[in-house]
Amino acid sequence: MRGTSRPPETSRNWPATEALCDDVFNDPIDRLTLPRILAWHRTLLRASRPDIAGSLKVFENAVVDRKADGTETPRFQPVGVAETPMMLAELADRYEQARVAGRHHP
């Protein structure tokens with residue numbers, strides 16, 4: 001990622017990923033909520049990016065692939081700051097629809 005973000009180091013991030021998976025399997029959700037999403041975000045980023053861990057996005061960013069020669073190509077266009085709360089609400093709503101219909105991963 002470009003800007004103030006930096007990619008997480010896999011070895012440093014593994015304990016956080018493991019903790020998040022433990023939370024998902026040990027405390028199954030009845031409904032996906034913004035507080036739960038932000039708690040997972042906090043868990044994943046607390047070691048590598050404590051400044052943004054568990055918070056909604058406050059700056060625009062780009063997700064790019066960086067080649068050995070330093071050139072960058074966009075991987076995908078992230079949601080903008082203003083749209084983030086609305087898109088997270090839509091994510092939660094779509095998950096709920098899939099859960100109720102039995103089309104989600106348990």
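The analysis underlying the following values was restricted to heavy atoms, covering all of them including side chains, and did not include hydrogens, waters or symmetry mates. Note that the structure is a prediction, hence the values are computed from the model and not measured.
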For a quick test of reading the model, state the closest non-hydrogen atom pair linking [X] to [Y] and the distance between them.
| X | Y | result |
| --- | --- | --- |
| P50 | S48 | CD-C, 3.6 Å |
| A16 | T43 | CB-O, 3.1 Å |
| L20 | W40 | CD1-CB, 3.3 Å |
| A62 | P78 | CA-CG, 4.3 Å |

[X] side chain vs [Y] backbone, donor-acceptor pair below 3.5 Å:
| X | Y | value |
| --- | --- | --- |
| N26 | D22 | yes |
| K57 | V79 | yes |
| T84 | G80 | yes |

| Pick one: which of T33, I37, L38 meets side-chain contact (heavy atoms from CB on, under 4.5 Å) with P35? |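 Running side-chain contact (heavy atoms from CB on, under 4.5 Å) over T33, I37, L38 with P35 returns exactly one hit, T33.
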| said: Could you see if M87 belongs to whatever hydrophobic cluster contains I52? Use Ile, Leu, Val, Met, Phe, Trp, Tyr and a side-chain cutoff under 4.5 Å. | reply: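 Different clusters: M87 never reaches I52 through Ile, Leu, Val, Met, Phe, Trp or Tyr contacts under 4.5 Å.
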| message | Hydrophobic clustering (ILVMFWY, side-chain heavy atoms < 4.5 Å, transitive) - are V24 and Y95 grouped together? | response |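 Same hydrophobic cluster.
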| task | Check step by step if side chain to side chain contact (heavy atoms under 4.5 Å, CB included) holds for R36 and D23. | result | CA-CA 10 Å; R36 186 80 183 255; D23 179 62; 3.0 Å; yes
| Value rounded to 0.5 Å, distance of NE2 in H41 from CZ in R49 |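 If I round to the nearest 0.5 Å, the distance is 9.0 Å.
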| query | Hey, are K67 and D69 close enough for a salt bridge, meaning a charged N less than 4.0 Å from a carboxylate O? | reply |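 Here K67 does not pair with D69 in a salt bridge, since their nearest N and O are not under 4.0 Å apart.
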| Test: E96 and R31 ion pair at under 4.0 Å |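 Salt bridge between E96 and R31, a charged N being under 4.0 Å from a carboxylate O: yes.
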Should [X] and [Y] count as side-chain neighbours, where that means a heavy-atom distance under 4.5 Å?
| X | Y | answer |
| --- | --- | --- |
| L45 | D51 | no |
| R99 | L32 | no |
| V58 | V81 | no |

